[in-house]
Amino acid sequence: EALKEWLHLRRLAFKEDARSFGLENPKGVLLLGIPGCVLGNTKIKIKNNAGDEKEIAIEDLFSMCKAGDVYQIDTPDGWQPILSLIKKPNKECYNLSFANNEDLGCSSDHYVLTNSGWKKSEDIDVQNDIVITRDGPDKVVNKKHLGIRDTFDLEVGHPEHRYYANDIVSHNTGKSM
């Protein structure tokens, strides 16, 4: 809806009258989306500059980083820097439950690693999909629609852009999807 509103407001810039006025043709429109994210109570493992490691809820990282500290996050690729934090309100969410008794509350467009590659949570097939966790493959046993929730995301400073969220291999901010 925001894109439609912006295009409506700027529609005259795309007309011939704008050229006559001296306005150059627009070069294009950059569409930058930030897909998936997780609920605030999702556990992540972080390490500060002093090397102190701890497991925290992702929403707690937001207040810690406001204090100016720099953190790394535990990923399948080792400890990686956290480049940015993003709070995203009003996202459609699901809760995925796994055979190992873990679960992951996340937005419908949050990507998790499965036996067949990256999949959005809304596309997870409870009958067939296996997710990849810190401890190896695990069966999805339930997917429950949660409705609209506030969510949190971060950007991992590694080409794979993945991290452990409640020990589930998750993708961040859509940077390479």
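The residues of the chain are indexed from 1 along the displayed sequence.
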State the [atom1]-[atom2] distance between [X] and [Y], to the nearest 0.5 angstrom.
X	Y	atom1	atom2	answer
Leu154	Gln80	CG	CD	12.0 Å
Asn95	Leu104	CG	CG	7.5 Å
Gln72	Glu53	CD	CD	9.5 Å
Lys54	Leu61	NZ	CG	9.5 Å
Cys106	Glu122	SG	CD	10.0 Å
His161	Thr75	NE2	OG1	11.5 Å

Non-neighbouring partners of Asn90 that pass side-chain contact (heavy atoms from CB on, under 4.5 Å), sequence neighbours left out: Ile148, Asp150

Going by the rule side-chain contact (heavy atoms from CB on, under 4.5 Å), which residues pair with Ile124 if we only count those two or more places apart in sequence or in a different chain?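 Listed in chain order: Leu96, Val112, Thr114, Lys119, Asp129, Val140, Lys143.
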
Of all the heavy-atom pairs spanning Cys37 and His110, show the shortest one and how long it is.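 Between these two residues, the closest heavy atoms are N-ND1, 3.3 Å.
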
Identify the heavy atoms of Ala165 and Ser170 that sit nearest to each other, and give their distance.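 Smallest interatomic distance, heavy atoms only, reads CB-OG, 3.5 Å.
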
Under 3.5 Å side-chain donor-acceptor pair for Asp135 and Thr133: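 There is no such pair (donor and acceptor under 3.5 Å, judged by atom type) between the side chains of Asp135 and Thr133.
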
Can you confirm whether the side chains of Ser108 and Glu92 place a donor and an acceptor under 3.5 Å from each other? no

Which residues share a side-chain hydrogen bond (donor to acceptor under 3.5 Å, both in side chains) with [X], sequence neighbours left out:
X	value
Tyr71	Asp69
Ser20	none
Asp125	Asn128
Asp123	none

Mark yes or no for whether [X], through its side chain, and [Y], through its backbone, hold a donor-acceptor pair below 3.5 Å.
X	Y	result
Lys139	Val131	no
Asn166	Asp103	yes
Asn172	Val156	yes
Thr151	Lys88	yes
Asp138	Asn100	yes

Hydrophobic clusters join Ile, Leu, Val, Met, Phe, Trp and Tyr when side-chain heavy atoms are under 4.5 Å apart, directly or via other members; which others share one with Leu39?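 The other cluster members (ILVMFWY side chains, heavy atoms under 4.5 Å, direct or chained) are Leu146.
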
Common cluster, [X]/[Y], ILVMFWY with side-chain heavy-atom separation under 4.5 Å:
X	Y	value
Ile73	Ile56	yes
Ile46	Leu85	yes
Ile58	Met64	yes
Tyr164	Ile132	yes

Tyr94 meets the ring pair (Phe, Tyr, Trp, His ring centres under 6.0 Å) criterion, sequence neighbours left out, with His145

Please name all residues satisfying salt bridge (charged side-chain N to carboxylate O under 4.0 Å, His left out) with Asp77, sequence neighbours left out, ordered by chain then number.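 Residues passing salt bridge (charged side-chain N to carboxylate O under 4.0 Å, His left out) with Asp77: Arg162.
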
Can you name the residues that form a salt bridge (charged side-chain N to carboxylate O under 4.0 Å, His left out) with Asp74, not counting sequence neighbours? Arg134

Test Ile44 against Phe152 for side-chain contact (heavy atoms from CB on, under 4.5 Å), laying out the working first. CA-CA 12 Å; Ile44 57 173; Phe152 298 82; over 6 Å; no

Enumerate the residue pairs fulfilling side-chain hydrogen bond (donor to acceptor under 3.5 Å, both in side chains) with a member in residues 38-51, sequence neighbours excluded, ordered by first and then second residue.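 For residues 38-51: Asn48-Asp52.
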
